[in-house]
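Proteins come first, then strands; the chains are lettered A, B, ... in the order of their sequence lines, and each starts at number 1. Computed over heavy atoms, backbone and side chain alike; hydrogens, waters and symmetry mates excluded.
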There are 2 protein chains.
Amino acid sequence: MALRHALLAALLDRELSGYQLTKLFDLAASSFWHASSQQLYAELAKLEADGLLTGHEVVQHGRPNKRVFALTDNGRDELARFTAAPTKPISIRDDLIVKAYAEHAADPSVLIKQLEDRLAQSRAKDEFLQSQLARLRDGKSEEEYLASAENIGPYLAGTRGRMYLRDEIDWCEWASGVLRNRS
Amino acid sequence: MALRHALLAALLDRELSGYQLTKLFDLAASSFWHASSQQLYAELAKLEADGLLTGHEVVQHGRPNKRVFALTDNGRDELARFTAAPTKPISIRDDLIVKAYAEHAADPSVLIKQLEDRLAQSRAKDEFLQSQLARLRDGKSEEEYLASAENIGPYLAGTRGRMYLRDEIDWCEWASGVLRNRS
DNA sequence: GGATGCATGTAAGGGGTTACATGATTTT
DNA sequence: AAAATCATGTAACCCCTTACATGCATCC
């Protein structure tokens with residue numbers, strides 16, 4: 001199992017449709033887990049069949065209707081069990097770092113371009129995530145927010161995502177600078 | 001394809017056996033790509049069949065013999081093509097961040113324990129990586145090394161890995177502190 | 001009238017994980 | 001004598017990606 005728990009976590013304390021989850025698991029927001037829409041719809045069906053989620057049809061006007069999903073008690077228990085179980089090691093796979101590792105076989109300008117592309121993407125993601133975190137804080141200072149808010153999980157996770165993006169930005173700038181100085 | 005290019009990059013400028021690659025792709029060292037030994041041996045066979053790698057038997061005394069692999073010209077070309085092609089987005093999957101996101105459904109002490117476990121692992125990995133980078137620099141300052149060394153790819157990649165680990169350490173400390181203050 | 005966003009899937013195939021297997025040699 | 005290290009795989013299964021598919025509504 002893999003996506004399962006990420007989905008359960010996303011649906012903790014709120015109901016979302018497959019489409020809303022697609023956006024959540026797609027770009028910017030989740031620097032910690034990625035999934036395609038096809039995978040999401042398939043996994044949502046499984047989770048519902050297993051009784052960890054329930055789906056409700058929501059009638060909309062001016063838009064197609066949607067089915068939103070909510071955690072069941074079993075789903076919440078499963079999440080708690082997951083949290084208590086030994087944490088599997090991270091799985092990172094980043095082609096860009098492989099390309100940097102193979103720098104010796106590459107044309108420097110080609111590699112620099114790849115670094116600059118990633119830099120631009122990461123800057124955009126970072127700005128988005130920053131705004132999301134500010135929205136969660138809702139005017140409060142971080143300290144105040146973390147002491148008073150009821151559910152700080154998304155803020156903790158989002159902060160980790162932002163650290164990742166800040167590093168990505170710094171590293172791309174640094175590495176492309178190093179390569180430029182050598183050529 | 002996926003592991004393919006990570007393997008080619010690892011074999012750039014040196015010959016390694018499946019077992020040596022296992023260690024490289026296993027723990028500490030590679031914070032950028034993970035693979036199991038089974039997967040490695042299977043992929044090495046494929047790469048050899050495709051003519052991107054050649055294997056040579058190396059007779060050892062006091063140890064089982066091994067087969068080391070080296071890049072062919074085709075392999076080197078394939079690496080260069082890979083570097084020039086659009087870079088696929090990163091794939092991160094970290095159960096620990098999912099657990100943090102689901103903080104609201106968890107017993108705080110259980111989550112704190114998970115954060116502390118990861119903290120210890122990351123500290124150990126970071127020390128190892130730090131020593132590896134120091135070995136590469138070989139007494140020189142970073143600036144001097146990056147300006148003079150022939151093949152700086154592994155150093156660029158390793159530096160990114162270390163940034164990741166430093167963040168992991170900082171985040172685990174911060175998040176567990178936040179949770180302790182609230183309970 | 002065309003592009004974009006909302007909304008939800010099916011089918012096929014490739015990549016990766018988990019479990020199982022073997023055997024020699026060195027260290028404790 | 002047992003445990004750890006070196007060394008290399010096979011087999012089954014699950015997860016995930018890629019390609020394909022549909023249809024309505026709003027925005028430009």
>> Which is more 5' along DNA chain D, the nucleotide nearest B:Gln20 or the one nearest A:Lys46? Just name the residue.
In response: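 Nearest nucleotide further toward 5': that of B:Gln20.
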
>> Which is more 5' along DNA chain D, the nucleotide nearest B:Asn65 or the one nearest A:Ala35? Just name the residue.
In response: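 By nearest-heavy-atom nucleotide position, the 5'-most residue is B:Asn65.
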
> With a distance cut-off below 6.0 Å to the six-membered ring centre and an angular limit of 45° from the axis, does A:Lys66 pair with A:Tyr19 as a cation-pi contact?
Replying inline: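 No, a cation-pi geometry is absent between A:Lys66 and A:Tyr19.
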
> Between A:Arg135 and A:Tyr155, is NZ or CZ placed under 6.0 angstrom from the six-membered ring centre and within 45° of the ring axis?
Replying inline: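 Negative - A:Arg135 is either too far from the ring of A:Tyr155 or too far off its axis.
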
> Is the count of non-hydrogen atoms from other residues, nucleotides or ligands lying under 6.0 Å from A:Glu143 atom CD greater than 12?
Replying inline: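 Counting neighbours around CD of A:Glu143, 12 or fewer heavy atoms of other residues, nucleotides or ligands fall under 6.0 Å, so no.
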
> Is the number of heavy atoms from other residues, nucleotides or ligands within 6.0 Å of CD (A:Glu142) greater than 12?
Replying inline: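 Check passes, neighbour count above 12.
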
Look at the side chain of [X] and decide which nucleotide, out of [options], has an atom nearest to it.
X: A:Tyr41; options: C:dA7, D:dT18, D:dA7; answer: C:dA7
X: B:Pro64; options: C:dA19, D:dC6, C:dG15; answer: D:dC6
X: A:Ala2; options: D:dC16, D:dC6, C:dT8; answer: D:dC16
X: B:Lys23; options: D:dC6, D:dT8, C:dA7; answer: D:dC6
X: B:Ser36; options: C:dG23, C:dT17, C:dC6; answer: C:dT17
X: A:Gln39; options: C:dG16, D:dT8, D:dT17; answer: D:dT17
X: A:Gln38; options: C:dC20, D:dT18, D:dT17; answer: D:dT18
X: A:Lys66; options: D:dT8, C:dT8, C:dT17; answer: C:dT8

Rounded interatomic separation in angstrom, taking [atom1] from [X] and [atom2] from [N]:
X: B:Leu21; N: D:dT8; atom1: CG; atom2: C1'; answer: 13 Å
X: B:Arg63; N: D:dT8; atom1: CZ; atom2: P; answer: 12 Å
X: A:Glu57; N: C:dC6; atom1: CD; atom2: C1'; answer: 14 Å
X: B:Leu16; N: D:dC6; atom1: CG; atom2: P; answer: 14 Å
X: B:Glu43; N: D:dT10; atom1: CD; atom2: P; answer: 14 Å
X: A:Asp95; N: C:dG15; atom1: CG; atom2: P; answer: 13 Å
X: B:Tyr19; N: D:dG9; atom1: OH; atom2: C1'; answer: 14 Å
X: A:Lys88; N: C:dG16; atom1: NZ; atom2: C1'; answer: 12 Å

> Does some side-chain heavy atom of A:Arg118 sit less than 4.5 Å from a side-chain heavy atom of A:Cys172?
Replying inline: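 A side-chain contact exists here, since the closest heavy-atom pair is under 4.5 Å.
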
> Which residue, A:Ser91 or A:Val68, contacts DNA chain C at a nucleotide closer to its 5' end, judged by nearest heavy atom?
Replying inline: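 The answer here is A:Val68.
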
>> Does C:dA7 have its OP1 or OP2 closer than 4.0 Å to a side-chain nitrogen or oxygen of A:Gln60?
In response: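 So the side-chain polar atoms of A:Gln60 do come within 4.0 Å of the phosphate oxygens OP1 or OP2 of C:dA7, strictly under.
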
